[in-house]
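A quick write-up on the structure given underneath.
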Amino acid sequence: MSIYRLEEMSTPALDALDRSRTAVILTVSPLEEHGPHLPVGVDAFAARHFARATAERLVARRPEWSVVLAPTLHLGSFTFETVGTVSVRQRVVRDTLVDYGRSLARARFRWIFVANGHGGPGHLTALEEASAIVSRRYEITMASLTGYLAWEFFRGRYLPKIEAALGRALTDAERQAFAEDAHGGWWETSLMLMLRPELVNESYRDLPPARYSLAERIVPNYPLRDGGRGYVGHPALADPQFAKATIEVLMSEAMEMVEGLIDGRLSPGDRRSPFFALPVFRTNFWRGVAAAGVAVAAGAAWYAGFRRGRGKVS
């Protein structure tokens, strides 16, 4: 297979690749706590698996193509903060991806895909912002694959396909558990049992469900508050067969996106998470709010001074 690791290639070897038939995959995910039973690298392990699986499927379907896998960037924002989490500012995530994309675009690579395993809304938005910036500036195709997929997955849009891959219907209790899943729960514990079972602490079997309402989930660090242990969902339900079925479905959806982008049937804007459209999650939103607040305060101060000045008797 024509799959390469970027860090292992020489400049002449890279330069010899046919740019019209080469895809570069960037893997970007933070180190973040995932409860008492999972390692802090869960998101990065998931993203790397996703990147590798995408590369293998692409060259299997298009043998004349090459894929270059870039080293994992352990970057992420909108994380749960405690020991082991390494969080960076949202604009750092965006700007780092813009710089990577710029370097690759200047080297005439035309297809850049971003693999990610972290679901923080601002993080997903930063990846999509960076992809949009690079695509526009350099007239190439750079797309973040996982924001749209994660949104569709967790809202249950793929459940019928997952059941088909499992070979059985989910029970009502399992469907409810899936709806409550978010972080270090049923799915991510299942995934780690499939990818790196030696890194999963056996205590997952005895962890009780951790349920949070929508109102609770908008509070920063919510799964670590009031005795929370840093996970959301039902880790005790974990099963590597469930992970295998879900990955099969997600990879099928991802490849539809990748091939649609390559063939021109899709544009990156056709497959974005809904967070991209919400100003509150955009990289510069809060800086803009702060700047606007300063401007309003300055204007109010000027106007107050102006009013006082008009009231003076000469």
Side-chain angles (χ1 to χ4, degrees), residues 4-7 9 11 14-15 17-30 44 47-48 50-51 54-55 58 65-78 88-151 254-255 257-279 281-285 287-288:
Y4 306 96
R5 293 179 183 272
L6 177 60
E7 68 273 26
M9 300 187 73
T11 296
L14 277 165
D15 203 29
L17 295 174
D18 180 351
R19 304 302 198 274
S20 67
R21 295 184 296 183
T22 298
V24 181
I25 302 181
L26 303 177
T27 302
V28 187
S29 286
R48 191 64 176 179
F50 185 83
T54 301
L58 182 56
W65 275 64
S66 298
V67 179
V68 178
L69 298 173
T72 300
L73 297 171
H74 292 290
L75 297 173
S77 59
F78 282 61
V88 303
R89 289 159 291 167
Q90 185 185 19
R91 66 179 179 271
V92 172
V93 177
R94 181 200 63 189
D95 292 350
T96 300
L97 265 291
V98 169
D99 288 348
Y100 263 73
R102 177 185 62 198
S103 296
L104 292 165
R106 286 179 173 176
R108 297 181 292 108
F109 289 101
R110 296 172 50 190
W111 310 100
I112 305 171
F113 302 116
V114 182
N116 160 64
H118 177 55
H123 177 80
L124 295 174
T125 302
L127 302 183
E128 291 171 337
E129 285 179 328
S131 298
I133 291 169
V134 172
S135 296
R136 182 180 67 251
R137 286 182 183 173
Y138 302 101
E139 298 182 337
I140 66 166
T141 297
M142 179 169 170
S144 179
L145 302 177
T146 43
Y148 175 82
L149 293 178
W151 173 256
M255 288 309 300
M257 190 185 309
V258 167
E259 295 200 289
L261 290 165
I262 290 173
D263 292 337
R265 291 180 282 107
L266 295 174
S267 71
D270 294 330
R271 293 291 188 272
R272 288 184 178 136
S273 72
F275 306 116
F276 183 85
L278 299 175
F281 292 118
R282 299 301 286 268
T283 300
N284 292 325
F285 178 77
R287 295 176 72 191

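Hydrogens, waters and symmetry mates are skipped; everything else that's a heavy atom, side chains included, is used.
Taking CH2 from W65 and OG1 from T22, the interatomic distance works out to 7.5 Å, rounded to the nearest 0.5 Å. Rounded to the nearest 0.5 Å, atoms OG1 (T96) and CZ (R89) are 9.5 Å apart. Rounding to the nearest 0.5 Å gives a distance of 5.0 Å between CD1 of I262 and CG of L58.
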Determine, step by step, whether R265 and D270 satisfy the side-chain contact (heavy atoms from CB on, under 4.5 Å) criterion, reporting the C-alpha distance in whole Å, the side-chain angles of both residues, the deciding distance to 0.1 Å, and the verdict.
-> CA-CA 10 Å; R265 291 180 282 107; D270 294 330; over 6 Å; no

Show your reasoning for whether side-chain contact (heavy atoms from CB on, under 4.5 Å) applies to F113 and T54.
-> CA-CA 10 Å; F113 302 116; T54 301; 5.8 Å; no

L6/V24 under side-chain contact (heavy atoms from CB on, under 4.5 Å): CA gap, chis, key distance, verdict | CA-CA 9 Å; L6 177 60; V24 181; 5.6 Å; no

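Considering every non-hydrogen atom in both S77 and G122, the closest pair reads OG-C, 4.0 Å. Looking at every heavy atom in both residues, A254 comes nearest to F50 through CB-CZ, 3.5 Å.
In this structure, the side chain to side chain contact (heavy atoms under 4.5 Å, CB included) partners of R136, at least two apart in sequence or on a different chain, are I133. Among residues two or more places apart in sequence or in another chain, the side chain to side chain contact (heavy atoms under 4.5 Å, CB included) test is passed with W151 by R155, P274, F275. For the side chain to side chain donor-acceptor pair (under 3.5 Å) test, residues two or more places apart in sequence or in another chain that qualify with H123 are N116.
Counting only distance, with no hydrogens or angles, the side chain of Q90 and the backbone of F281 share a donor-acceptor pair below 3.5 Å.
No more than 12 heavy atoms of other residues, nucleotides or ligands lie within 6.0 Å of CD in E139, so this atom counts as exposed by the packing criterion.
The stretch residues 105-132 participates, sequence neighbours left out, in these salt bridge (Lys or Arg N to Asp or Glu O under 4.0 Å) pairs: D15-R108, E129-R282.
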Would you be so kind as to tabulate the donor-acceptor pairs closer than 3.5 Å made by side chains of residues 97-105, with sequence neighbours excluded?
unit_1, atom_1, unit_2, atom_2, d
D99, OD1, R102, NH2, 3.2
S103, OG, D99, O, 3.1

Scan the side chains in residues 66-74 for donor-acceptor partners under 3.5 Å anywhere in the protein, sequence neighbours excluded, and list what turns up.
none

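Both tests pass for R19 against the ring of F109: distance under 6.0 Å to the centre and angle within 45° of the axis.
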